[in-house]
**Student:** 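The structure's right below; bear with me while I get my questions together.
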Amino acid sequence: MWRRAVGAALAVVGALMVLFAPVGGVISCPDPGFCHEQAASDYWGLVSYPPGWGKLAVPMALIGVGLVVTGVVLWVKRRGSGRRTQGQVS
């Protein structure tokens, strides 16, 4: 029971990390002396990250994918083969 709950929680947290990873930043700057590092946001613009957080997009995405995979494995994995019962000797 706890394995499925932990797996589901990890999968949800990982999916949220992937969905809300920072994207964007400065693409081009017309006046190099005037431009400063701009803040990044997620794909939909719901979360605004401070300047410099755009560099964390790849690590956040990798950790998020790892959490989703781990969560799905814990969620789906069986505890045992189910063929043996207690007391049987193989």
**Student:** Check whether Leu16 and Leu56 end up in the same hydrophobic cluster, where Ile, Leu, Val, Met, Phe, Trp and Tyr are linked by side-chain heavy atoms less than 4.5 Å apart.
**Tutor:**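 Linked, Leu16 and Leu56 end up in one cluster.
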**Student:** For Ala21 and Ala57, work out which heavy atoms get closest and say how close.
**Tutor:**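 Shortest heavy-atom separation between Ala21 and Ala57 comes out as CB-O, 4.3 Å.
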**Student:** Just jot down the side-chain contact (heavy atoms from CB on, under 4.5 Å) partners of Ile63, sequence neighbours excluded, or say none.
**Tutor:**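 So Ile63 forms a side-chain contact (heavy atoms from CB on, under 4.5 Å) with Met17, Leu67.
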**Student:** Can you name the side-chain contact (heavy atoms from CB on, under 4.5 Å) partners of Val65, sequence neighbours left out?
**Tutor:**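 Listed in chain order: Val18, Val69.
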**Student:** According to a 4.5 Å side-chain heavy-atom criterion applied to Ile, Leu, Val, Met, Phe, Trp and Tyr, with indirect links allowed, do Val13 and Trp2 form part of one hydrophobic cluster?
**Tutor:**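 Yes.
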**Student:** For residues Ala15 and Val68, report the shortest heavy-atom separation together with the two atoms involved.
**Tutor:**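 Taking every non-hydrogen atom into account, N-CG2, 3.3 Å.
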**Student:** If you group Ile, Leu, Val, Met, Phe, Trp and Tyr by side-chain heavy-atom gaps below 4.5 Å, do Val12 and Phe20 land in one group?
**Tutor:**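 Yes, it is one cluster - the side chains of Val12 and Phe20 are joined through contacts under 4.5 Å.
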